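Shown next, in structure tokens, is the structure this report addresses.
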Amino acid sequence: MATMAERLALTFLLAAAAALAASAVDTKLTLQNLCPFPVHPLVTPNGNFSISDNTVKLDSDGGLASFPFPDTFWAGSVVARTFCRTPTSCDTGSSPPRTVVQLAVHSAEDLATYSVSLEDGFNLATVVTPLFSGGGQCPALGCPLNLTDGCPVDQVKIDDCRIMVACKGDPGYFKRRCPLTRVNSTDREPLPQSCIAPRELKVVFCETELVHLTMVGAASAQTELAHLTMVVGAASAQTEHL
């Protein structure tokens, strides 16, 4: 017969397991389009099952869509396809150069990891922000700038109408202008990341600013913004020196 202490311990463990399961079930991916043109997002799993059939079109100036993550580990990528004649025939996003968001949820201790990669080039300003986290450090990361504007001439991708639609690189140019992105396989952002159980990962296309909207506290936000200011200032100084 179980003792009172054993029953209390079992009750605690069951409650903790139920709370963890509930937080996992509630986790979702939200995509928002702030561009002045439609975007067809492409969500690709890394060997997990698909959470989107990739037929969604995000209307211009605020189009929104959400997809629930499974309650087990899921990893994958998100890219924005633009200037599409059909969802599978687009001027950018179906292949490089393109901005790639990398996401993983429900890993050990229910950590979420995320980044915006310019290793494949750039096609849209993109920022990913975790919301309603269970703790840890959850900075907004990505690039709020149009890197096609100012792209080295020999790296610009031009469509059939002679309009600049994407930028191939180089990594130095990308990192100087958007330090909170990854430009190669070993690159990392200067801000620490240890985001526990966010209820939502929000990816915004044509975002024009990095805003800290997570539950890590005002002091942490001020520290991160000060750090970011220092990093951007150093990059600008280096660019001017060059």
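Remember, predicted model here, so these are calculated numbers, not experimental data.
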* E119 with R182: basic N within carboxylate O range, under 4.0 Å -> no
* Between S66 and T30, a side-chain donor and acceptor under 3.5 Å -> yes
* Asked: How does the hydrophobic cluster around I158 look, that is, which other residues are in it when side-chain heavy atoms under 4.5 Å mark a link?
  -> V156, M164
* Does T181 reach the side chain of F122, with side-chain heavy atoms less than 4.5 Å apart? -> no
* Each residue besides V153 in its hydrophobic cluster should be listed here, by chain and number; the cluster joins Ile, Leu, Val, Met, Phe, Trp and Tyr at side-chain heavy-atom distances under 4.5 Å. => none
* Quick one: do the S77 and Q102 side chains pair a donor with an acceptor below 3.5 Å? -> no
* To do: For residues G150 and Y173, report the shortest heavy-atom separation together with the two atoms involved.
  => C-OH, 3.2 Å
* Give the minimum heavy-atom separation between F67 and I51, together with the two atoms involved. => CD2-O, 3.5 Å
* Asked: Around atom CG of D53, are there more than 12 heavy atoms of other residues, nucleotides or ligands at under 6.0 Å?
  -> yes
* Is K157 salt-bridged to D91, going by a charged N under 4.0 Å from an acidic O? -> no
* Asked: Do you know the tightest heavy-atom contact between R199 and D26?
  -> NH1-OD2, 3.0 Å
* To do: Only pairs at least two apart or in different chains count here, so list each salt bridge (Lys or Arg N to Asp or Glu O under 4.0 Å) that has a residue in residues 130-155.
  => none
* Asked: Between V101 and V128, what is the shortest heavy-atom contact and its length?
  -> CG1-CB, 4.4 Å
